[in-house]
Amino acid sequence: MADPLLSVAERLAPAFAAVAGAACDPVVRPTDRADAQANGALALAKSLGMQPREVAQKVLDAAGDLSDMLASVEIAGPGFINLVFTDDFLAAQTVTSLESSTLGVHASPSPHTITIDYSSPNVAKEMHVGHLRSTVIGDALARVLSFVGHNVVRENHIGDWGTPFGMLIEHLIDLGEDNAANELSMGDLNGFYKEARRKFEESEEFKTRARHRVVMLQGGDAETLQYWRTLVNESTRYFNKVYSQLGVLLNDADLMGESAYNDLLAEVVQRLNKAGVLETNDGADVVFADGFTNRDNEPLPLIIRKGDGGYNYATTDLACVIDHVERVGAKASLYVVGAPQAQHFQMIEAVSRKAGFLPDDCSINHIQFGSVLGADRKMFKSRSGDNVKLAELLDEAVERAAAAVAEKNPDMSAEDRAAVARMVGIGAVKYSDLASDRIKDYIFDWDRMLAFEGNTAPYMQYAHARICSIFRRAGIDRASVRSAQLQIADPRERALAFRILRFDAAVWEMVDTLSPHKLCTYLFDLASDFTSFYEHCPVLKAESDDVRLSRLLLCDATARTIAQGLALLGIESPEQM
RNA sequence: GCGCUGGUAGCUUAAUGGAUAGAGCAUCUGACUACGGAUCAGAAGGUUGGGGGUUCAAGUCCCUCCCAGCGCGCCA
């Protein structure tokens with residue numbers, strides 16, 4: 001563990017325990033009045049019936065000599081203990097943490113298997129901005145959970161089953177399989193879907209065929225299944241193109257379409273029945289969970305099997321719970337799905353518990369996120385009122401980034417510029433999606449996103465590129481400075497080293513809250529601390545070789561931390577831009 | 001009607017119950033023979049939607065009201 005706050009909390013805990021007579025959290029927090037602050041005495045004072053400052057003093061008496069770690073310990077205000085680390089302690093900790101492959105981030109003390117369901121586009125439908133958030137947030141969480149040692153199982157629940165496939169397959173047959181595959185591979189998924197939909201609505205004959213086709217599909221008719229596979233394969237090939245462009249981890253091995261749960265659906269019904277929770281209501285098989293009511297304040301059921309005998313997405317999701325617990329061995333299941341589905345997931349969890357599908361030591365966690373809005377604060381749409389195609393949006397981001405790179409760095413080769421533009425453009429889109437609390441809606445604004453100032457990916461990428469430039473210009477191998485002595489003299493050097501040590505805490509805040517914006521905030525602070533250091537502390541022209549080496553060490557450490565932090569968010573760090 | 005989620009500076013936003021609510025953009029003032037100015041230093045900008053309450057301590061917890069968005073049985 002690199003975080004100095006954790007180190008000092010560990011050091012103070014026995015002293016607090018001695019005073020309290022039981023285990024007691026020192027409550028070490030960041031503060032702008034010192035490096036850290038222990039607030040535990042305030043809470044403790046009440047239960048001990050003592051003055052908080054008196055408690056704080058007793059704790060410090062019990063703690064003994066802390067001078068190897070702390071330069072200053074002060075009781076302040078009502079009973080805060082303000083803590084300032086020694087420069088030597090920070091320097092030594094920094095050097096130690098930089099030797100670890102995780103840059104000081106401690107591993108999970110209880111690693112386990114976690115499933116994470118994200119992206120989930122629909123077959124034969126275009127990916128749009130609605131999928132952006134799930135894909136980007138899910139990917140960042142998958143990366144960070146894996147980084148701290150969990151066994152992460154990614155699942156992409158593509159919509160590859162259900163009634164729309166009747167009309168889609170019939171439309172495919174009308175077009176001819178080759179023509180249809182060609183159309184789909186061109187990425188014109190919306191046109192295909194809309195045309196199928198139009199025919200379904202306008203033609204009774206087509207509608208009849210479509211309904212019949214659904215029955216054949218669910219009955220396992222070989223020819224129908226072949227058409228279905230064509231639809232799925234062409235679509236996933238297109239999804240993979242988008243994923244590649246976006247730079248996310250998802251691949252074919254992560255595909256877990258709704259169809260994958262088909263064989264479990266009947267079993268779900270059987271098990272619910274066996275558990276004695278299944279009821280019949282208005283011709284449907286349902287489960288009532290406590291606390292859910294409809295408009296008329298009557299109990300609201302979760303429909304497991306529709307009146308026509310068909311299953312729906314609740315059935316699939318329950319099958320998924322069983323699959324996660326029993327096959328995958330997951331202790332936690334994360335579903336990165338928009339906020340409007342909150343009640344659905346609450347009901348899935350409630351029914352899963354009630355039926356015994358979900359043991360007490362297993363959890364379901366709906367990773368909710370708000371909507372992407374346009375400048376008018378309504379759902380983000382194109383001028384024509386359609387969903388904005390994700391692929392086109394990403395292309396535009398890269399084009400805009402390319403223009404900016406061409407302007408700022410005209411000497412760069414076209415090849416390098418294309419690569420950098422992709423990292424910067426895609427990074428900007430991803431970062432803007434991750435940088436604010438995921439529960440809130442955010443306004444998609446090209447100007448703000450691509451104004452490469454403030455809390456944006458390019459600001460951090462720029463700091464990274466400048467560091468690379470220092471080493472490149474001086475012809476110094478970055479790895480060669482890692483054994484240097486770190487000297488902390490200037491306040492900016494100190495602030496930077498301290499910030500680097502806090503990477504551990506930042507990563508864990510993201511893990512604990514499953515909120516990527518926590519890490520974004522940290523990286524912005526880190527980049528800000530670096531640029532301030534960079535302006536005020538000459539590196540290559542430092543006053544002595546020792547200082548120069550020490551500062552090169554800090555530069556390298558900063559670049560590694562920025563690159564690692566951005567990588568955990570799924571964002572690349574170019575060496576020049 | 002019931003439920004969920006938001007409401008913080010002109011705009012975008014941060015803040016594990018802790019002291020003086022922290023940033024960025026825009027605005028204003030400074031700093032360029034620049035280790036990459038896609039920068040830095042500074043100023044100004046807040047009754048944290050209103051009102052009660054709990055607490056040594058509330059943007060944060062509870063109650064209530066207002067505003068906005070979303071959800072509320074056979075779509076996913």
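Quick caveat, the model's predicted, so the values are computed rather than measured. Throughout, a chain's letter reflects where its sequence line sits, starting with A, and its residues are numbered from 1.
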So, applying side chain to side chain contact (heavy atoms under 4.5 Å, CB included) with V268(A), which one of L318(A), N273(A), V321(A) is it? L318(A)

Whole-Å distance between [N] [atom2] and [X] [atom1]?
X       : N       : atom1 : atom2 : value
F471(A) : rC35(B) : CZ    : P     : 16 Å
I81(A)  : rG18(B) : CD1   : P     : 16 Å
R438(A) : rU5(B)  : CZ    : P     : 13 Å
M577(A) : rG37(B) : CE    : C1'   : 13 Å
M347(A) : rG3(B)  : CE    : P     : 16 Å
H517(A) : rU16(B) : NE2   : C1'   : 11 Å
F533(A) : rG36(B) : CZ    : P     : 13 Å
E575(A) : rG36(B) : CD    : C1'   : 15 Å

Suppose you measure atom [atom1] in [N] against the same atom in [M]; what distance do you get, rounded to whole Å?
N       : M       : atom1 : result
rC40(B) : rA34(B) : C1'   : 12 Å
rU12(B) : rU48(B) : C1'   : 16 Å
rG1(B)  : rC65(B) : P     : 11 Å
rA76(B) : rA68(B) : C1'   : 26 Å
rU47(B) : rU5(B)  : P     : 27 Å

Any base atoms under 4.0 Å from [X], or only sugar-phosphate, or nothing? Heavy atoms, all strands.
X       : result
Q37(A)  : base
D285(A) : nothing
C468(A) : nothing
K541(A) : sugar-phosphate
K518(A) : sugar-phosphate

Pairs under 3.5 angstrom, nitrogen or oxygen only, protein versus nucleotides 59-62 of chain B, please.
none

Would you tabulate the pairs of protein nitrogen or oxygen atoms and nucleotide nitrogen or oxygen atoms of nucleotides 40-44 of chain B closer than 3.5 angstrom?
unit_1, atom_1, unit_2, atom_2, d
rC40(B), OP1, Y459(A), OH, 2.5
rC40(B), OP1, T531(A), OG1, 2.9
rA41(B), OP1, S532(A), OG, 3.1

Return a single string for nucleotides 67-76 of chain B, one symbol per nucleotide in 5' to 3' order, where B is base contact, S is sugar-phosphate-only contact and - is none, cutoff 4.0 angstrom on heavy atoms. ---SSBBBSB

Using a 4.0 Å heavy-atom cut-off to protein, can you give one letter per nucleotide of nucleotides 20-29 of chain B, 5' to 3': B if the base is in contact, S if only the sugar-phosphate is, - if neither? B--SS-S---

Name all residues meeting the side chain to side chain contact (heavy atoms under 4.5 Å, CB included) criterion together with Q37(A); count only those two or more places apart in sequence or in a different chain, and write none if there are none. T31(A), N39(A), F80(A), N82(A)

Assess whether a salt bridge exists between R197(A) and E201(A), defined as any Lys/Arg side-chain N lying under 4.0 Å from an Asp/Glu carboxylate O. yes

Would you call K378(A) and D376(A) a salt bridge, using N to O less than 4.0 angstrom? no

Only pairs at least two apart or in different chains count here, so list each salt bridge (Lys or Arg N to Asp or Glu O under 4.0 Å) that has a residue in [range].
range                       : answer
residues 426-443 of chain A : R133(A)-D433(A)
residues 397-411 of chain A : E396(A)-R400(A)
residues 515-541 of chain A : R466(A)-E535(A), R499(A)-D525(A), R499(A)-D529(A), E509(A)-K518(A)

Would you indicate which nucleotide in rG18(B), rA14(B), rC4(B) comes nearest to any side-chain atom of L42(A)? rG18(B)

rG36(B), rC4(B), rA19(B): which one has an atom nearest the side-chain heavy atoms of R466(A)? rG36(B)

Tell me, what's RNA chain B's dot-bracket, Watson-Crick or G-U with both distances under 3.5 Å, | for other-strand, [ ] crossing? (((((((..((((....[...)))).(((((.......))))).....(((((..]....))))))))))))....

Among K381(A), K125(A), E126(A), the one residue meeting side chain to side chain donor-acceptor pair (under 3.5 Å) with N387(A): K381(A)

Classify the side-chain pair Y431(A)/N455(A) by whether it contains a donor and acceptor separated by less than 3.5 Å. yes

Please work out whether the ring planes of H344(A) and Y313(A) are parallel, tilted or perpendicular, with thresholds of 30° and 60°. parallel

Test side-chain contact (heavy atoms from CB on, under 4.5 Å) on V286(A) and L302(A) and set out the steps. CA-CA 5 Å; V286(A) 306; L302(A) 187 66; over 6 Å; no

5'-most contact on RNA chain B (nearest-nucleotide basis), V539(A) vs E509(A), goes to E509(A)

Taking the nucleotide of RNA chain B with the nearest heavy atom to each, does V28(A) or Q576(A) sit closer to the 5' end? V28(A)

Would you list the atom pairs, donor with acceptor, under 3.5 Å between side chains in residues 542-552 of chain A and any protein atom, with sequence neighbours excluded?
unit_1, atom_1, unit_2, atom_2, d
S544(A), OG, V547(A), N, 3.2
R548(A), NE, L540(A), O, 3.1
S550(A), OG, Q487(A), N, 2.8
S550(A), OG, Q487(A), O, 3.3
R551(A), NE, E493(A), OE2, 2.8
R551(A), NH1, P538(A), O, 2.8

Going from CZ on F444(A) to OG on S432(A), what distance comes out if it is rounded to the nearest 0.5 angstrom? 6.0 Å

Point-to-point distance, once rounded to the nearest 0.5 Å, from OH of Y462(A) to CD1 of I562(A): 12.5 Å

Presence of K440(A) side-chain N/O under 4.0 Å of rU12(B) phosphate oxygens OP1/OP2: no

Expected list for residues 426-436 of chain A near RNA chain B, using heavy atoms below 4.0 Å, is S436(A)

Would Y534(A) and I467(A) count as a side-chain contact (heavy atoms from CB on, under 4.5 Å) here? Give the steps. CA-CA 9 Å; Y534(A) 179 86; I467(A) 294 170; over 6 Å; no

Between F80(A) and rA19(B), do the rings stack, that is, sit under 5.5 Å apart with planes less than 30° off each other? yes

Answer yes or no: is there a side-chain heavy-atom contact under 4.5 Å between L42(A) and V27(A)? no

ring-ring contact (aromatic ring centres under 6.0 Å, His included) contacts in which one or both residues fall within residues 505-528 of chain A, not counting sequence neighbours: H106(A)-W508(A), Y459(A)-F524(A), F503(A)-Y522(A)

Apply salt bridge (Lys or Arg N to Asp or Glu O under 4.0 Å) to the pair R494(A) and D35(A), showing each step before the final yes or no. CA-CA 11 Å; R494(A) 189 181 191 282; D35(A) 289 336; 2.8 Å; yes

